[in-house]
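Residues: numbered from 1 along the sequence shown.
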Amino acid sequence: MLLQDKIAVVTGGAAGLGKAIVQEYLNQGAVVVAVDISAAKLEQLKEETAAGERLFTVTGDVSSKADNESLLDYVYETFGRLDILVNNAGISDGMLPVAEVLDEEWEKVIAINLTGPFLLCRGAVKRMLEREQTGSIINIASASGVGGGRAGAAYVSSKFGLVGLTKNIAYMYGPKNIRCNAICPGYVDTGISGLNVHSSAYGIERVSQGTKLIRAGVPQEIADLAVYLASDKSSLVNGVEILADAGKGAY
């Protein structure tokens, strides 16, 4: 029980990596607030989860400042603190190179993948500082946040930005015992990965060139890493981006 009685918020918590993280946090003893834009998927999550008494759900759009503030108000009014924040919610971009990216596509990807985590980090850190609390923030970035060829221009830019935000928070607030780290998954078998690979012929060509000898990950492997980073076992780990891609990044 590495997270016994910890209060955790996981965005995009009703599917894919987020769902796996929610379930593993519950397994490790945490109280989890799962946030998702889909109320139906959150209801399904509650039905499937054995530790339902420690699972709370909030429907919200992470790109909305109002929704994020409402979420944090709910957490602090209900539990009095926040120990773990996992910014997992995200969308793909269809592997579009810069010449093909429309304004609205760019703005949507940046809003959800970067502005949303920024808003939640800002609100959470302010509340932690006011109450002199420690905390662990985990941003689910991507291998696309450390290399340029694994996704389209908007997605890559958003994830590079998220890694930068992670490092800045870690440096600025490490002395206050607020840690911030990023997990950078490679290809993991989730819905967002499938969308990214199959949305364009260009995407299929480029991704297949880079992944021929690399196995896909599974959500549980990322969840296990998220448990470690949220726990006291990783107390010395701050401001790092951990590449979880079965070794592709070593090539």
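At a threshold of 4.0 Å, the pair E221-R215 counts as salt-bridged, since one of the basic side-chain nitrogens sits closer than that to a carboxylate oxygen. Note on E241 versus K167: salt bridge recorded, some NZ/NE/NH1/NH2 to OD/OE distance being below 4.0 Å. Between D245 and R150 a salt bridge is recorded (basic side-chain N to carboxylate O distance below 4.0 Å). Using a cutoff of 4.0 Å between basic side-chain nitrogens and carboxylate oxygens, D83 and R81 are scored as salt-bridged.
Shortest non-hydrogen contact noted between V188 and P219 is CG1-N, 3.8 Å.
The hydrophobic cluster analysis finds I37 isolated: no Ile, Leu, Val, Met, Phe, Trp or Tyr side chain comes under 4.5 Å of it, directly or through other members.
Judged as a salt bridge (Lys or Arg N to Asp or Glu O under 4.0 Å), the pairs with a partner in residues 7-19 (not counting sequence neighbours) are, in order, K19-E48.
Residues V237 and L229 have side chains in contact (heavy-atom distance under 4.5 Å, counting atoms from C-beta outward). F118 has its side chain out of reach of N87: every pair of non-hydrogen atoms, C-beta onward, lies at least 4.5 Å apart.
Residues V146 and V240 do not share a hydrophobic cluster, clusters being chains of Ile/Leu/Val/Met/Phe/Trp/Tyr side chains in contact below 4.5 Å.
Results of the side chain to side chain contact (heavy atoms under 4.5 Å, CB included) test with V9 over V75, L72, V58, I84 single out V75 as the only residue that passes.
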Only pairs under 3.5 Å count here: list side-chain donor-acceptor contacts from residues 119-127, not counting sequence neighbours, and write none if there are none.
from	atom 1	to	atom 2	distance (Å)
R127	NH1	G123	O	3.1
R127	NH2	E69	OE1	3.0
R127	NH2	D73	OD1	2.8

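For an aromatic pair to be called close, the ring centres must be under 6.0 Å apart, and F56 with F79 satisfies this.
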